[in-house]
Colleague: 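Structure provided below as structure tokens; questions to follow.
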Amino acid sequence: MNTLNNQLMESYAFVLVKKDETFILDIEKEDLIMNADDELDVPFDQVLRKHNLTLHDLYHLQIDELRFIRSKNDTSSVLRVIPLNINL
């Protein structure tokens with residue numbers, strides 16, 4: 001029973017970071033996948049669509065960084081960080 005309660009307390013999200021604020025996009029459990037490298041992953045474009053956003057919106061919001069996080073039992077850990085303020 002304790003294991004089941006711990007699993008229920010686990011959640012995932014993308015945190016969109018800009019200079020003076022952050023936005024949290026919750027990820028639904030059914031959107032999580034294991035990629036070919038056996039790492040937890042989620043299709044970012046799918047999460048954006050569920051939150052009625054596009055990559056174009058992120059550009060206009062001037063998002064600097066994208067963080068993929070896991071929260072469990074009131075503790076959050078960053079699984080992946082993707083910088084978006086790169087000049088090409």
Colleague: Could you check whether atom CG of D20 has more than 12 heavy atoms from other residues, nucleotides or ligands sitting under 6.0 Å from it?
Modeller: yes

Colleague: When you look at CD of E39, are more than 12 heavy atoms from neighbouring residues, nucleotides or ligands closer to it than 6.0 Å?
Modeller: yes

Colleague: Quick one: do F68 and V15 satisfy side-chain contact (heavy atoms from CB on, under 4.5 Å)? Show the steps, please.
Modeller: CA-CA 7 Å; F68 178 38; V15 178; over 6 Å; no

Colleague: Among I82, L16, V81, L84, exactly one meets side chain to side chain contact (heavy atoms under 4.5 Å, CB included) together with E65. Which residue is that?
Modeller: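 That would be V81; it is the only one of I82, L16, V81, L84 passing the side chain to side chain contact (heavy atoms under 4.5 Å, CB included) with E65.
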
Colleague: Verify side-chain contact (heavy atoms from CB on, under 4.5 Å) between L32 and Y12, making sure each step is shown before the conclusion.
Modeller: CA-CA 9 Å; L32 297 170; Y12 296 85; 3.4 Å; yes

Colleague: Can you tell me how far the OG atom of S76 sits from the CZ atom of R67, to the nearest 0.5 Å?
Modeller: 11.0 Å

Colleague: Could you walk me through whether L48 and T54 pass the side-chain contact (heavy atoms from CB on, under 4.5 Å) check?
Modeller: CA-CA 6 Å; L48 285 177; T54 65; 5.9 Å; no

Colleague: Could you measure the distance from the CG atom of L40 to the CG atom of D37? Nearest 0.5 Å is fine.
Modeller: 12.5 Å

Colleague: Atom NZ in K50, atom CG in L25: separation rounded to 0.5 Å?
Modeller: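 With rounding to 0.5 Å, NZ (K50) is 12.5 Å from CG (L25).
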
Colleague: Does V47 belong to the same Ile/Leu/Val/Met/Phe/Trp/Tyr cluster as I33, with side-chain heavy atoms less than 4.5 Å apart forming each link?
Modeller: no

Colleague: Indicate the ring-plane relationship of F44 and F14, choosing parallel, tilted or perpendicular according to the 30° and 60° boundaries.
Modeller: perpendicular

Colleague: Do M34 and L79 sit in the same hydrophobic cluster, where Ile, Leu, Val, Met, Phe, Trp and Tyr count as joined when their side-chain heavy atoms come under 4.5 Å apart?
Modeller: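 Result: yes, single cluster for both.
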
Colleague: If you look at every heavy atom in H51 and D26, which pair is closest and at what distance?
Modeller: NE2-O, 2.9 Å

Colleague: From D57 CG over to I63 CD1, what is the distance, rounded to the nearest 0.5 angstrom?
Modeller: 10.0 Å

Colleague: What about V17 and L55, same hydrophobic cluster or not, with Ile/Leu/Val/Met/Phe/Trp/Tyr joined at side-chain heavy-atom distances under 4.5 Å?
Modeller: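 No; tracing contacts between hydrophobic side chains, which count when under 4.5 Å, never links both residues.
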
Colleague: Checking K18 against F23 for the side-chain contact (heavy atoms from CB on, under 4.5 Å) test, could you report, in this order, the C-alpha distance in whole Å, the side-chain angles of both residues, the deciding distance, and whether it holds?
Modeller: CA-CA 9 Å; K18 61 187 282 184; F23 305 94; 3.8 Å; yes

Colleague: Taking atom CD1 of I69 and atom OG of S11, what is their separation to the nearest 0.5 Å?
Modeller: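 If we round to the nearest 0.5 Å, I69:CD1 and S11:OG are 7.0 Å apart.
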
Colleague: Give the minimum heavy-atom separation between D31 and Q46, together with the two atoms involved.
Modeller: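 Closest approach of D31 to Q46, heavy atoms only: OD1-NE2, 2.6 Å.
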
